[in-house]
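Sequential numbering from 1 along the given sequence is applied to the chain's residues.
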Amino acid sequence: MATDTLKSKPGAQGGATGGLRRLLLDNGALTALIVLVVAMSALSGDFLTADNLLNVGVQAAVTAILAFGVTFVIVSAGIDLSVGSVAALSATVLAWSATEAGIPVALAVVLAVLTGIVCGLVNGFLVSYGKLPPFIATLAMLSVARGLSLVISQGSPIAFPDSVSHLGDTLGGWLPVPVLVMVVMGLLTAFVLGRTYIGRSMYAIGGNEEAARLSGLRVKKQKLAIYAFSGLFAAAAGIVLASRLASAQPQAAQGYELDAIAAVVIGGASLAGGTGKASGTLIGALILAVLRNGLNLLSVSAFWQQVVIGVVIALAVLFDTVRRKAGATTPAAGASGGGNKGKQALTYVIAAVVAVAVVGATSLLHSGSSGADKPKIGLSLSTLNNPFFVQIRDGAEEEAKKLGVDLTVTDAQNDASQQANQLQNFTSGSLSAVVVNPVDSDAAGPSVRGANQAGIPVIAVDRGVNKADTSALVASDNVEGGALGAKALAEKLGGKGTIVILQGQAGTSASRERGAGFAEGLKAYPGIKVVAKQPADFDRTKGLDVMTNLLQAHPDIDGVFAENDEMALGAIKALGSKAGTSVQVVGFDGTPDGLKAVRAGTLYASVAQQPSELGRIAVQNALRAAEDEKVEKMVKVPVKVVTKENVAGFEG
């Protein structure tokens, strides 16, 4: 009885305070977003600028579009882990059809959308008629779609048609098209969930599938449609993403399925099904985008950023649990009622008032701070999960400290779209210059052009940037290094024998260039036969596994060329006592662990690039460019083949 009384008279306990508490509890995701905006605005004067807020919208767009599709699935108590791979496959189909196959662009777009829908239908069929758990069915599609994307593209990015690439541009020079697409897809999601028969069916299936079936719903057919919707939205997200990067990347959107699921859950949906709405999903995607944008602007370590985002996701779900226990209201599916609409409108009005107040307060707070006492430089690295790039970072940080430069380092985790976001954040911030080590030379182009338009000089390190202006390229010659590796291995084998090649991550310029250089260098040694080539993604563990598998088919090989030292070290582990005796291994990069293996004799040679020197020289040139001093367009850092004979005197 007491409980009933409290529920019926919420205002009796605390008047306005109780009402505010109820408002915050009922709109937990929106409250979290407002708190984040307030915090980021107070901590960074660069956050609440028009350009940066538009950047946040652009960076949220792909995740939000994917998440809208995933919302349908989660509301119906399912899960879809394949959306990232389906997005990459759809974009690859579009680019390949329009360029390689010569199909008209309009038809290529239709094929891309159909690709997403077909993938969704396959998922739905496996779940509905094959009785597979959604987790397993969509996990299988994740692998199949990614594999097909690599097969179609042969592991290399494909240029996107210009007519479709305009989806990554702006209208009127300021309004980003991806944001418009996100809004349209969000409105479509809200309409489907709230105004259609299939939308009401999703809530019914998620609430109680057996009851829905007994009430006459054709649950199996409904699930086919639900997963088809998810595939459709994934295709749209893939097209928008590829448009931003001006190329279809076969490895694009890796891990985006987790962001999409996180956005849906942060937005208030339950993984148990039955609840969820489009506005909540949009707010969840914005929370993730604000977090990443703000942490970049605040120069938070790339490693700590992942920790912070994970903690925020956990807190958001915990808050939702508390909200449900506290009895916060959740509108029933399809409920109309003017009262609910009025409350929702009031909520958004209050949120808008708070946002305006924050804008005014923070503009006053930061009005007196004109800038930094020392120059700021941003360094965007393709990955920090590789000792070579860690050494570039260390060399850059050492030089920045020496020169009195404030250096912000970000980790793109081998994701071209994530790097595009980071470069946009750098452009929005008050940076003097940017140093970029591109994940992909083509994909970095649009973001670097944005920095060009903002008047920020850009220095490329290790890899160049295509179709954009860089003040300098500080790099070793990967092609020359590959040729030197071929020469070193062939001469060690006496000009004859059989070898295998461990390739880097498909689609990266480093892998393509090193492989091309090695193939060219090997032409001078016709007695050397390549019996197998397999990718191991620049990873030591994968190098071990791939080499172990290759040895089953080719137990009598004489040599191994690995396109980086990490894969070479994995190969050495697989070879065991054969390494350095009956089988010679050549790596690439000259990392500390690689040089130790050279000293030990298990690694015959490493083509060393002096990565620390690359980082130091890049920062030096960035500072010169920021101060309008002359810099050389091409700064070459020599590569060197390091063997046991000269390793003692070598410094990376």
Side chains of [X] and [Y], heavy atoms from C-beta outward: is any pair under 4.5 Å?
{"X": "N386", "Y": "F538", "answer": "yes"}
{"X": "F388", "Y": "L614", "answer": "yes"}
{"X": "T602", "Y": "V585", "answer": "no"}
{"X": "L550", "Y": "Q534", "answer": "yes"}
{"X": "N52", "Y": "D46", "answer": "no"}
{"X": "L245", "Y": "D440", "answer": "no"}
{"X": "V439", "Y": "Q418", "answer": "no"}
{"X": "V474", "Y": "V637", "answer": "yes"}

Side chains of [X] and [Y] only: does a donor on one sit below 3.5 Å from an acceptor on the other?
{"X": "N414", "Y": "Q251", "value": "no"}
{"X": "T643", "Y": "E645", "value": "yes"}
{"X": "D259", "Y": "T63", "value": "no"}
{"X": "Q59", "Y": "N425", "value": "yes"}

Starting at [atom1] of [X], measure out to [atom2] of [Y] and round the result to the nearest 0.5 Å.
{"X": "S606", "Y": "K596", "atom1": "OG", "atom2": "NZ", "answer": "14.0 Å"}
{"X": "R449", "Y": "K467", "atom1": "CZ", "atom2": "NZ", "answer": "7.5 Å"}
{"X": "Q584", "Y": "L575", "atom1": "CD", "atom2": "CG", "answer": "10.0 Å"}
{"X": "L89", "Y": "I152", "atom1": "CG", "atom2": "CD1", "answer": "5.5 Å"}
{"X": "L379", "Y": "R393", "atom1": "CG", "atom2": "CZ", "answer": "9.5 Å"}
{"X": "K374", "Y": "L407", "atom1": "NZ", "atom2": "CG", "answer": "10.0 Å"}

Heavy-atom closest contact ([X] atom, [Y] atom, distance):
{"X": "R146", "Y": "A252", "answer": "NH1-O, 2.6 Å"}
{"X": "Q249", "Y": "A443", "answer": "NE2-CB, 3.4 Å"}
{"X": "P375", "Y": "L623", "answer": "CG-CD1, 3.7 Å"}
{"X": "Y525", "Y": "E491", "answer": "OH-OE2, 3.5 Å"}
{"X": "A95", "Y": "A248", "answer": "CB-CB, 3.7 Å"}
{"X": "S153", "Y": "S149", "answer": "OG-O, 2.8 Å"}

Criterion side chain to side chain contact (heavy atoms under 4.5 Å, CB included) on I557 and I499, from CA distance to verdict
CA-CA 6 Å; I557 58 168; I499 64 171; over 6 Å; no
Is there a donor-acceptor pair under 3.5 Å between the side chain of [X] and the backbone N or O of [Y]?
{"X": "S143", "Y": "L139", "value": "no"}
{"X": "E398", "Y": "R616", "value": "no"}
{"X": "N296", "Y": "Q422", "value": "no"}
{"X": "R540", "Y": "L569", "value": "no"}
{"X": "R599", "Y": "A648", "value": "no"}
{"X": "D462", "Y": "A475", "value": "no"}
{"X": "N437", "Y": "V461", "value": "yes"}
{"X": "S85", "Y": "L142", "value": "yes"}
{"X": "N621", "Y": "I617", "value": "yes"}
{"X": "E480", "Y": "N478", "value": "no"}

Salt bridge or not for D589 and R514, using N-O below 4.0 Å?
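Yes, charged N to carboxylate O under 4.0 Å.
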Taking the basic N atoms (NZ, or NE/NH1/NH2) and the acidic carboxylate oxygens, is any pair closer than 4.0 Å for D545 and K573?
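No.
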For [X], does the [atom1] atom sit with more than 12 other heavy atoms under 6.0 Å from it, leaving out its own atoms?
{"X": "E627", "atom1": "CD", "answer": "yes"}
{"X": "N385", "atom1": "CG", "answer": "no"}
{"X": "K636", "atom1": "NZ", "answer": "yes"}

Audit row: S247, D442, side chain to side chain donor-acceptor pair (under 3.5 Å) steps and yes/no:
CA-CA 7 Å; S247 62; D442 290 319; 5.7 Å; no
Could you give me the CA-CA distance, side-chain angles and deciding distance for R624 and I459, then say whether side chain to side chain contact (heavy atoms under 4.5 Å, CB included) is met?
CA-CA 10 Å; R624 289 194 194 106; I459 306 295; over 6 Å; no
Once the angle between the rings of F588 and F561 is folded into 0 to 90°, is it parallel (under 30°), tilted (30 to 60°) or perpendicular (over 60°)?
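Plane angle over 60°, so perpendicular.
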Please determine whether side chain to side chain contact (heavy atoms under 4.5 Å, CB included) holds for the pair V465 and V458, giving the CA-CA distance in whole Å, both sets of side-chain angles, and the decisive distance to 0.1 Å.
CA-CA 10 Å; V465 179; V458 178; 5.6 Å; no
Begin from the C-alpha positions of F47 and L298 and carry the test side chain to side chain contact (heavy atoms under 4.5 Å, CB included) through to its verdict.
CA-CA 9 Å; F47 180 79; L298 294 172; over 6 Å; no
For salt bridge (charged side-chain N to carboxylate O under 4.0 Å, His left out), just list the numbers for K633 and D469, CA-CA rounded to whole Å, side-chain angles, deciding distance to a tenth of an Å, and then say yes or no.
CA-CA 10 Å; K633 271 288 186 182; D469 181 29; 3.0 Å; yes
From the options I392, T410, V435, select the one residue that forms a side chain to side chain contact (heavy atoms under 4.5 Å, CB included) with L381.
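With L381 as partner, I392, T410, V435 yield a single side chain to side chain contact (heavy atoms under 4.5 Å, CB included), made by I392.
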